[in-house]
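The block underneath contains the structure these notes are about, expressed in C-alpha coordinates.
Below, read A as the first sequence line, B as the second, and so on, with proteins coming before strands; counting in each chain starts at 1. No experiment lies behind these values; they were computed from the predicted model shown.
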Protein chains: 2
Amino acid sequence: MDTLGTVRDEDFLRLDHQICFSLHAATRAFNGVYRTALKDLGLTYPQYLVMLVLWEHGELPVKRIGEHLRLDSGTLSPLLKRLEAAGYVERRRSPEDERSVTARPTPAGAELRERAIGVPRRIAAATGMPLEEIRELRARLNDLTAALNLAETGAGAGAGAGAGAGASAGGCVTEE
Amino acid sequence: MDTLGTVRDEDFLRLDHQICFSLHAATRAFNGVYRTALKDLGLTYPQYLVMLVLWEHGELPVKRIGEHLRLDSGTLSPLLKRLEAAGYVERRRSPEDERSVTARPTPAGAELRERAIGVPRRIAAATGMPLEEIRELRARLNDLTAALNLAETGAGAGAGAGAGAGASAGGCVTEE
DNA sequence: CACTATTCAGTTGCGCACAACTTAATTGTG
DNA sequence: CACAATTAAGTTGTGCGCAACTGAATAGTG
(Lines give C-alpha, C1' and ligand atoms only; values in the text may rest on other atoms or scores of the structure.)
Protein backbone atom coordinates (compact mmCIF):
# COMPACT_ATOMS: atom_id res chain seq x y z
CA MET A 1 0.00 0.00 0.00
CA ASP A 2 1.19 3.50 -0.73
CA THR A 3 2.22 5.72 2.07
CA LEU A 4 2.61 9.46 1.90
CA GLY A 5 6.37 9.13 2.04
CA THR A 6 6.78 7.09 -1.14
CA VAL A 7 5.12 9.54 -3.50
CA ARG A 8 6.79 12.49 -5.17
CA ASP A 9 5.36 15.98 -4.86
CA GLU A 10 4.93 16.10 -8.62
CA ASP A 11 2.64 13.10 -8.55
CA PHE A 12 0.76 14.61 -5.67
CA LEU A 13 -0.07 17.66 -7.75
CA ARG A 14 -1.75 15.44 -10.29
CA LEU A 15 -3.54 13.23 -7.80
CA ASP A 16 -4.60 16.26 -5.85
CA HIS A 17 -6.05 17.71 -8.99
CA GLN A 18 -8.05 14.57 -9.41
CA ILE A 19 -9.44 13.85 -5.98
CA CYS A 20 -10.41 17.36 -5.06
CA PHE A 21 -11.78 17.99 -8.49
CA SER A 22 -13.77 14.76 -8.39
CA LEU A 23 -15.48 15.92 -5.27
CA HIS A 24 -16.03 19.36 -6.71
CA ALA A 25 -17.50 17.91 -9.89
CA ALA A 26 -19.70 15.39 -8.08
CA THR A 27 -21.22 18.10 -5.95
CA ARG A 28 -21.96 20.26 -8.95
CA ALA A 29 -23.41 17.30 -10.84
CA PHE A 30 -25.65 16.63 -7.85
CA ASN A 31 -26.65 20.26 -7.77
CA GLY A 32 -27.55 20.10 -11.42
CA VAL A 33 -29.78 17.07 -10.99
CA TYR A 34 -31.44 18.62 -7.96
CA ARG A 35 -31.89 21.88 -9.78
CA THR A 36 -34.05 20.24 -12.40
CA ALA A 37 -35.83 18.00 -9.89
CA LEU A 38 -36.66 20.96 -7.65
CA LYS A 39 -37.61 23.40 -10.37
CA ASP A 40 -41.31 22.55 -10.06
CA LEU A 41 -41.21 23.21 -6.34
CA GLY A 42 -39.52 26.55 -6.75
CA LEU A 43 -36.71 25.53 -4.40
CA THR A 44 -32.97 25.71 -4.79
CA TYR A 45 -30.92 22.85 -3.46
CA PRO A 46 -29.80 24.62 -0.27
CA GLN A 47 -33.37 25.74 0.32
CA TYR A 48 -34.44 22.12 -0.06
CA LEU A 49 -31.88 21.09 2.55
CA VAL A 50 -33.31 23.63 4.96
CA MET A 51 -36.84 22.43 4.29
CA LEU A 52 -35.75 18.82 4.91
CA VAL A 53 -34.46 19.89 8.31
CA LEU A 54 -37.62 21.82 9.13
CA TRP A 55 -39.91 19.03 7.94
CA GLU A 56 -38.07 16.68 10.24
CA HIS A 57 -37.77 18.89 13.31
CA GLY A 58 -40.64 21.36 13.02
CA GLU A 59 -39.82 24.71 14.57
CA LEU A 60 -36.10 25.40 14.97
CA PRO A 61 -33.92 28.40 15.82
CA VAL A 62 -31.67 29.57 13.01
CA LYS A 63 -28.73 28.47 15.11
CA ARG A 64 -29.95 24.85 15.20
CA ILE A 65 -30.61 24.78 11.47
CA GLY A 66 -27.08 25.99 11.00
CA GLU A 67 -25.73 23.21 13.17
CA HIS A 68 -27.57 20.57 11.17
CA LEU A 69 -26.35 21.92 7.85
CA ARG A 70 -23.04 23.47 8.92
CA LEU A 71 -24.12 26.88 7.69
CA ASP A 72 -23.87 30.22 9.45
CA SER A 73 -26.29 33.10 9.71
CA GLY A 74 -24.58 34.87 6.85
CA THR A 75 -25.89 32.15 4.58
CA LEU A 76 -29.09 31.24 6.39
CA SER A 77 -30.55 34.67 7.10
CA PRO A 78 -31.08 35.67 3.48
CA LEU A 79 -31.99 32.11 2.51
CA LEU A 80 -34.73 31.96 5.14
CA LYS A 81 -35.91 35.37 4.08
CA ARG A 82 -36.41 34.04 0.59
CA LEU A 83 -38.22 30.95 1.88
CA GLU A 84 -40.43 33.29 3.88
CA ALA A 85 -41.09 35.44 0.82
CA ALA A 86 -42.03 32.25 -1.06
CA GLY A 87 -44.54 31.49 1.69
CA TYR A 88 -42.95 28.22 2.82
CA VAL A 89 -41.56 29.35 6.14
CA GLU A 90 -42.55 31.53 9.07
CA ARG A 91 -40.00 33.31 11.22
CA ARG A 92 -40.47 34.89 14.60
CA ARG A 93 -38.42 36.07 17.54
CA SER A 94 -38.31 33.60 20.35
CA PRO A 95 -40.27 34.95 23.35
CA GLU A 96 -37.92 33.48 25.97
CA ASP A 97 -34.74 34.64 24.22
CA GLU A 98 -35.13 37.76 22.14
CA ARG A 99 -31.83 37.15 20.40
CA SER A 100 -33.08 33.93 18.83
CA VAL A 101 -35.26 33.65 15.73
CA THR A 102 -37.13 30.43 15.04
CA ALA A 103 -38.32 29.17 11.68
CA ARG A 104 -41.04 26.65 10.92
CA PRO A 105 -42.91 25.48 7.82
CA THR A 106 -46.15 27.28 7.00
CA PRO A 107 -49.12 25.17 5.88
CA ALA A 108 -47.92 25.76 2.34
CA GLY A 109 -44.48 24.60 3.43
CA ALA A 110 -45.91 21.46 4.98
CA GLU A 111 -47.92 20.80 1.84
CA LEU A 112 -44.74 21.19 -0.19
CA ARG A 113 -43.37 18.12 1.50
CA GLU A 114 -46.00 15.99 -0.19
CA ARG A 115 -44.83 17.26 -3.53
CA ALA A 116 -41.16 16.84 -2.62
CA ILE A 117 -41.49 13.29 -1.45
CA GLY A 118 -40.85 11.84 -4.88
CA VAL A 119 -37.64 13.80 -5.41
CA PRO A 120 -35.14 11.59 -3.56
CA ARG A 121 -36.19 8.49 -5.45
CA ARG A 122 -35.55 10.27 -8.72
CA ILE A 123 -32.15 11.36 -7.48
CA ALA A 124 -31.29 7.86 -6.32
CA ALA A 125 -32.31 6.55 -9.71
CA ALA A 126 -30.15 9.16 -11.42
CA THR A 127 -27.08 7.98 -9.50
CA GLY A 128 -27.52 4.52 -10.97
CA MET A 129 -26.16 3.12 -7.73
CA PRO A 130 -27.65 0.46 -5.49
CA LEU A 131 -28.61 1.79 -2.06
CA GLU A 132 -25.89 -0.22 -0.38
CA GLU A 133 -23.23 1.53 -2.40
CA ILE A 134 -24.78 4.93 -1.77
CA ARG A 135 -24.68 4.28 1.98
CA GLU A 136 -21.10 3.15 1.74
CA LEU A 137 -20.11 6.27 -0.15
CA ARG A 138 -21.94 8.42 2.36
CA ALA A 139 -20.04 6.85 5.24
CA ARG A 140 -16.75 7.40 3.43
CA LEU A 141 -17.59 11.05 2.82
CA ASN A 142 -18.61 11.60 6.41
CA ASP A 143 -15.28 10.21 7.55
CA LEU A 144 -13.52 12.49 5.13
CA THR A 145 -15.46 15.54 6.26
CA ALA A 146 -14.83 14.77 9.90
CA ALA A 147 -11.10 14.35 9.27
CA LEU A 148 -10.92 17.59 7.31
CA ASN A 149 -12.87 19.58 9.87
CA LEU A 150 -10.66 18.11 12.56
CA ALA A 151 -7.49 18.96 10.68
CA GLU A 152 -8.61 22.50 10.14
CA THR A 153 -9.56 23.28 13.69
CA GLY A 154 -6.10 23.04 15.07
CA ALA A 155 -5.51 19.32 15.58
CA GLY A 156 -2.08 18.28 14.35
CA ALA A 157 -1.32 17.07 10.83
CA GLY A 158 -3.53 14.07 11.51
CA ALA A 159 -1.43 12.14 9.06
CA GLY A 160 -1.76 8.76 10.71
CA ALA A 161 -4.63 6.31 10.31
CA GLY A 162 -8.20 7.29 9.70
CA ALA A 163 -8.94 6.49 13.31
CA GLY A 164 -11.11 8.90 15.19
CA ALA A 165 -12.57 10.21 11.97
CA GLY A 166 -16.07 9.09 12.82
CA ALA A 167 -15.93 10.55 16.28
CA SER A 168 -16.17 14.22 15.54
CA ALA A 169 -19.06 13.68 13.15
CA GLY A 170 -21.45 13.77 16.08
CA GLY A 171 -23.70 16.78 15.92
CA CYS A 172 -22.79 17.53 12.33
CA VAL A 173 -24.97 15.62 9.97
CA THR A 174 -28.36 14.53 11.17
CA GLU A 175 -27.47 11.01 12.17
CA GLU A 176 -29.68 8.06 11.45
CA MET B 1 -29.24 -6.00 -1.11
CA ASP B 2 -31.75 -3.18 -1.15
CA THR B 3 -33.40 -2.24 -4.38
CA LEU B 4 -35.18 1.00 -5.04
CA GLY B 5 -38.54 -0.78 -4.96
CA THR B 6 -38.31 -2.00 -1.38
CA VAL B 7 -37.83 1.37 0.27
CA ARG B 8 -40.57 3.77 1.28
CA ASP B 9 -40.55 7.36 0.08
CA GLU B 10 -40.38 8.49 3.68
CA ASP B 11 -37.13 6.66 4.23
CA PHE B 12 -35.82 8.07 0.98
CA LEU B 13 -36.32 11.60 2.25
CA ARG B 14 -34.04 10.86 5.15
CA LEU B 15 -31.43 8.97 3.17
CA ASP B 16 -31.51 11.64 0.51
CA HIS B 17 -30.88 14.23 3.14
CA GLN B 18 -27.86 12.28 4.22
CA ILE B 19 -26.10 11.36 1.01
CA CYS B 20 -26.51 14.64 -0.76
CA PHE B 21 -25.67 16.55 2.35
CA SER B 22 -22.59 14.40 2.94
CA LEU B 23 -21.29 15.35 -0.45
CA HIS B 24 -22.17 18.97 0.11
CA ALA B 25 -20.43 19.00 3.47
CA ALA B 26 -17.35 17.16 2.22
CA THR B 27 -16.88 19.66 -0.56
CA ARG B 28 -17.16 22.58 1.80
CA ALA B 29 -14.80 20.94 4.26
CA PHE B 30 -12.31 20.49 1.42
CA ASN B 31 -12.79 24.10 0.43
CA GLY B 32 -12.07 25.16 3.98
CA VAL B 33 -8.82 23.21 4.17
CA TYR B 34 -7.71 24.49 0.79
CA ARG B 35 -8.64 28.02 1.76
CA THR B 36 -6.15 27.98 4.59
CA ALA B 37 -3.52 26.07 2.58
CA LEU B 38 -3.79 28.50 -0.34
CA LYS B 39 -3.97 31.69 1.67
CA ASP B 40 -0.22 32.28 1.38
CA LEU B 41 -0.40 31.94 -2.38
CA GLY B 42 -3.27 34.38 -2.68
CA LEU B 43 -5.36 31.83 -4.57
CA THR B 44 -8.90 30.65 -4.05
CA TYR B 45 -9.62 26.99 -4.56
CA PRO B 46 -11.19 27.38 -8.02
CA GLN B 47 -8.30 29.62 -9.05
CA TYR B 48 -5.93 26.90 -7.87
CA LEU B 49 -7.77 24.36 -10.02
CA VAL B 50 -7.33 26.60 -13.05
CA MET B 51 -3.63 27.05 -12.28
CA LEU B 52 -3.23 23.25 -11.97
CA VAL B 53 -4.65 22.90 -15.46
CA LEU B 54 -2.45 25.64 -16.86
CA TRP B 55 0.68 24.32 -15.16
CA GLU B 56 -0.01 20.98 -16.75
CA HIS B 57 -0.98 22.09 -20.25
CA GLY B 58 0.69 25.45 -20.71
CA GLU B 59 -1.28 27.77 -22.95
CA LEU B 60 -4.95 26.85 -23.32
CA PRO B 61 -8.09 28.46 -24.74
CA VAL B 62 -10.74 29.33 -22.18
CA LYS B 63 -12.93 26.71 -23.81
CA ARG B 64 -10.41 23.94 -23.08
CA ILE B 65 -9.94 25.01 -19.50
CA GLY B 66 -13.69 24.85 -19.14
CA GLU B 67 -13.77 21.32 -20.53
CA HIS B 68 -11.15 20.17 -18.06
CA LEU B 69 -12.94 21.70 -15.10
CA ARG B 70 -16.53 21.56 -16.33
CA LEU B 71 -16.90 25.30 -16.01
CA ASP B 72 -18.33 27.76 -18.50
CA SER B 73 -17.20 31.21 -19.55
CA GLY B 74 -19.59 32.82 -17.10
CA THR B 75 -17.44 31.42 -14.32
CA LEU B 76 -14.05 31.42 -16.03
CA SER B 77 -13.99 34.87 -17.59
CA PRO B 78 -14.07 36.83 -14.33
CA LEU B 79 -11.89 34.23 -12.60
CA LEU B 80 -9.19 34.52 -15.27
CA LYS B 81 -9.48 38.28 -15.09
CA ARG B 82 -8.66 38.10 -11.39
CA LEU B 83 -5.75 35.74 -12.03
CA GLU B 84 -4.52 38.20 -14.64
CA ALA B 85 -4.88 41.10 -12.22
CA ALA B 86 -2.87 39.08 -9.69
CA GLY B 87 -0.14 38.70 -12.31
CA TYR B 88 -0.30 34.91 -12.52
CA VAL B 89 -1.86 34.58 -15.97
CA GLU B 90 -1.65 36.22 -19.38
CA ARG B 91 -4.59 36.31 -21.77
CA ARG B 92 -4.62 37.11 -25.45
CA ARG B 93 -6.83 36.65 -28.48
CA SER B 94 -5.84 33.73 -30.62
CA PRO B 95 -4.45 34.98 -33.94
CA GLU B 96 -5.92 32.13 -36.00
CA ASP B 97 -9.37 32.34 -34.42
CA GLU B 98 -10.30 35.76 -33.16
CA ARG B 99 -13.19 34.35 -31.14
CA SER B 100 -10.86 32.37 -28.93
CA VAL B 101 -8.89 33.69 -25.97
CA THR B 102 -5.95 31.72 -24.63
CA ALA B 103 -4.52 31.85 -21.13
CA ARG B 104 -1.08 30.84 -19.93
CA PRO B 105 0.95 31.24 -16.75
CA THR B 106 3.21 34.29 -16.52
CA PRO B 107 6.71 33.83 -15.09
CA ALA B 108 5.20 34.73 -11.72
CA GLY B 109 2.51 32.11 -12.33
CA ALA B 110 5.13 29.49 -13.17
CA GLU B 111 7.08 30.42 -10.07
CA LEU B 112 3.91 30.04 -8.04
CA ARG B 113 3.90 26.36 -8.89
CA GLU B 114 7.07 25.88 -6.86
CA ARG B 115 5.33 27.36 -3.86
CA ALA B 116 2.17 25.34 -4.47
CA ILE B 117 3.91 22.03 -4.78
CA GLY B 118 3.69 21.30 -1.08
CA VAL B 119 -0.03 21.96 -0.86
CA PRO B 120 -1.42 18.60 -2.01
CA ARG B 121 0.66 16.69 0.51
CA ARG B 122 -0.77 18.80 3.28
CA ILE B 123 -4.28 18.17 1.99
CA ALA B 124 -3.68 14.44 1.74
CA ALA B 125 -2.39 14.47 5.30
CA ALA B 126 -5.46 16.37 6.44
CA THR B 127 -7.75 13.69 5.02
CA GLY B 128 -6.08 11.13 7.22
CA MET B 129 -6.63 8.58 4.46
CA PRO B 130 -4.15 6.23 2.85
CA LEU B 131 -3.63 6.97 -0.84
CA GLU B 132 -5.30 3.75 -1.88
CA GLU B 133 -8.50 4.78 -0.19
CA ILE B 134 -8.34 8.25 -1.70
CA ARG B 135 -8.00 6.76 -5.16
CA GLU B 136 -10.90 4.42 -4.49
CA LEU B 137 -13.08 7.29 -3.36
CA ARG B 138 -12.11 9.32 -6.38
CA ALA B 139 -13.13 6.49 -8.71
CA ARG B 140 -16.44 6.19 -6.93
CA LEU B 141 -17.10 9.89 -7.23
CA ASN B 142 -16.21 9.93 -10.91
CA ASP B 143 -18.70 7.13 -11.54
CA LEU B 144 -21.30 9.07 -9.62
CA THR B 145 -20.62 12.27 -11.53
CA ALA B 146 -20.74 10.47 -14.86
CA ALA B 147 -24.05 8.83 -13.98
CA LEU B 148 -25.55 12.11 -12.81
CA ASN B 149 -24.41 14.02 -15.87
CA LEU B 150 -25.76 11.24 -18.02
CA ALA B 151 -29.10 11.23 -16.23
CA GLU B 152 -29.42 14.96 -16.60
CA THR B 153 -28.68 15.19 -20.29
CA GLY B 154 -31.70 13.34 -21.47
CA ALA B 155 -30.81 9.67 -21.02
CA GLY B 156 -33.61 7.72 -19.36
CA ALA B 157 -33.99 7.17 -15.62
CA GLY B 158 -30.75 5.20 -15.71
CA ALA B 159 -32.03 3.24 -12.77
CA GLY B 160 -30.35 -0.05 -13.60
CA ALA B 161 -26.85 -1.08 -12.68
CA GLY B 162 -23.93 1.29 -12.50
CA ALA B 163 -22.79 -0.07 -15.83
CA GLY B 164 -21.68 2.45 -18.40
CA ALA B 165 -21.06 5.00 -15.71
CA GLY B 166 -17.35 5.21 -16.40
CA ALA B 167 -17.83 5.64 -20.11
CA SER B 168 -19.06 9.19 -20.25
CA ALA B 169 -16.31 10.35 -17.94
CA GLY B 170 -13.96 10.57 -20.92
CA GLY B 171 -13.09 14.17 -21.63
CA CYS B 172 -14.36 15.36 -18.28
CA VAL B 173 -11.74 15.09 -15.62
CA THR B 174 -8.13 15.10 -16.66
CA GLU B 175 -7.61 11.38 -16.81
CA GLU B 176 -4.48 9.68 -15.58
C1' DC C 1 -21.34 35.52 -52.82
C1' DA C 2 -25.03 36.43 -49.46
C1' DC C 3 -27.10 34.77 -45.42
C1' DT C 4 -28.09 31.79 -41.73
C1' DA C 5 -26.30 28.93 -38.03
C1' DT C 6 -22.87 27.99 -34.89
C1' DT C 7 -19.12 28.94 -31.77
C1' DC C 8 -16.60 31.52 -28.33
C1' DA C 9 -15.91 34.95 -24.80
C1' DG C 10 -17.90 38.11 -22.08
C1' DT C 11 -21.77 40.37 -19.24
C1' DT C 12 -25.78 40.46 -16.16
C1' DG C 13 -28.50 38.78 -12.55
C1' DC C 14 -29.41 35.63 -8.85
C1' DG C 15 -28.31 32.61 -5.10
C1' DC C 16 -24.99 30.35 -2.17
C1' DA C 17 -20.74 30.33 1.02
C1' DC C 18 -17.90 32.60 3.98
C1' DA C 19 -15.14 36.23 6.39
C1' DA C 20 -15.62 40.30 8.89
C1' DC C 21 -18.41 43.28 11.03
C1' DT C 22 -22.71 45.40 13.53
C1' DT C 23 -26.52 45.35 16.71
C1' DA C 24 -29.16 43.65 20.33
C1' DA C 25 -30.00 40.46 24.13
C1' DT C 26 -28.25 37.54 27.63
C1' DT C 27 -24.86 35.75 30.86
C1' DG C 28 -21.17 36.07 34.04
C1' DT C 29 -18.35 38.56 37.40
C1' DG C 30 -16.83 41.87 40.65
C1' DC D 1 -26.36 46.56 40.53
C1' DA D 2 -22.87 47.83 36.88
C1' DC D 3 -20.12 46.29 33.32
C1' DA D 4 -17.43 43.24 30.47
C1' DA D 5 -17.83 38.90 27.82
C1' DT D 6 -20.55 36.03 25.22
C1' DT D 7 -24.21 34.69 22.07
C1' DA D 8 -27.63 35.18 18.20
C1' DA D 9 -29.08 37.22 13.94
C1' DG D 10 -28.37 40.13 10.52
C1' DT D 11 -25.46 43.02 7.09
C1' DT D 12 -21.70 43.86 3.83
C1' DG D 13 -18.37 42.56 0.54
C1' DT D 14 -16.04 39.10 -2.32
C1' DG D 15 -15.88 35.11 -5.14
C1' DC D 16 -17.93 31.05 -7.24
C1' DG D 17 -21.56 28.68 -10.24
C1' DC D 18 -25.00 28.86 -13.50
C1' DA D 19 -28.79 30.47 -16.58
C1' DA D 20 -29.77 33.73 -19.97
C1' DC D 21 -28.24 36.90 -22.89
C1' DT D 22 -25.03 39.94 -26.09
C1' DG D 23 -21.61 40.64 -29.60
C1' DA D 24 -18.14 39.32 -32.56
C1' DA D 25 -15.96 35.80 -35.52
C1' DT D 26 -16.23 31.65 -38.05
C1' DA D 27 -18.43 27.80 -40.59
C1' DG D 28 -21.87 26.08 -43.41
C1' DT D 29 -25.53 26.36 -47.06
C1' DG D 30 -28.16 27.67 -51.08
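When atom types are taken as modelled, the side chain of A:T145 and the backbone of B:A29 share no donor-acceptor pair closer than 3.5 angstrom.
Going from atom CG of A:N31 over to atom P of D:dG17 covers 11 Å, rounded to whole Å. Between the CZ atom of B:R99 and the P atom of D:dT22 there is a distance of 19 Å, given to the nearest Å. Distance CD (A:E98) to P (C:dT23): 19 Å, rounded to an integer number of Å. We find that CD of B:E96 is positioned 14 Å from C1' of C:dC8, with the value rounded to whole Å. Rounded to whole angstrom, the span from the OH atom of B:Y45 across to the P atom of D:dG17 amounts to 9 Å. Distance B:K39 NZ to C:dA19 P: 8 Å, rounded to the nearest Å.
Looking at heavy-atom distances under 4.0 Å, A:L71 makes contact with sugar-phosphate atoms alone, never a base. At a threshold of 4.0 angstrom between heavy atoms, the contacts of B:L79 are confined to the sugar-phosphate backbone, with no base atom among them.
Using a 4.0 Å cut-off between charged side-chain N and carboxylate O, A:E84 and A:K81 make no salt bridge. Using a cutoff of 4.0 Å between basic side-chain nitrogens and carboxylate oxygens, A:E111 and A:R115 are not scored as salt-bridged.
Taking 3.5 Å as the limit, the base of C:dG10 and the side chain of B:S73 contain a donor-acceptor pair of atoms between them.
Of the side-chain N and O atoms in A:R91, one or more sit less than 4.0 angstrom from OP1 or OP2 of D:dG10. Between B:K81 and C:dA9 there is no side-chain polar atom (N or O) within less than 4.0 angstrom of OP1 or OP2. Within the structure, a side-chain polar atom (N or O) of A:S77 is placed less than 4.0 Å from OP1 or OP2 of D:dG10.
Position along DNA chain D of the nearest nucleotide to A:V62 versus A:R35 favours A:V62 as the more 5'-ward residue. Each of A:R93 and B:T75 was assigned the nucleotide of DNA chain D with the nearest heavy atom; the assignment lying further toward the 5' end belongs to A:R93.
Under the 30°/60° scheme for interplanar angles, the aromatic rings of A:Y48 and A:Y34 are found to be tilted.
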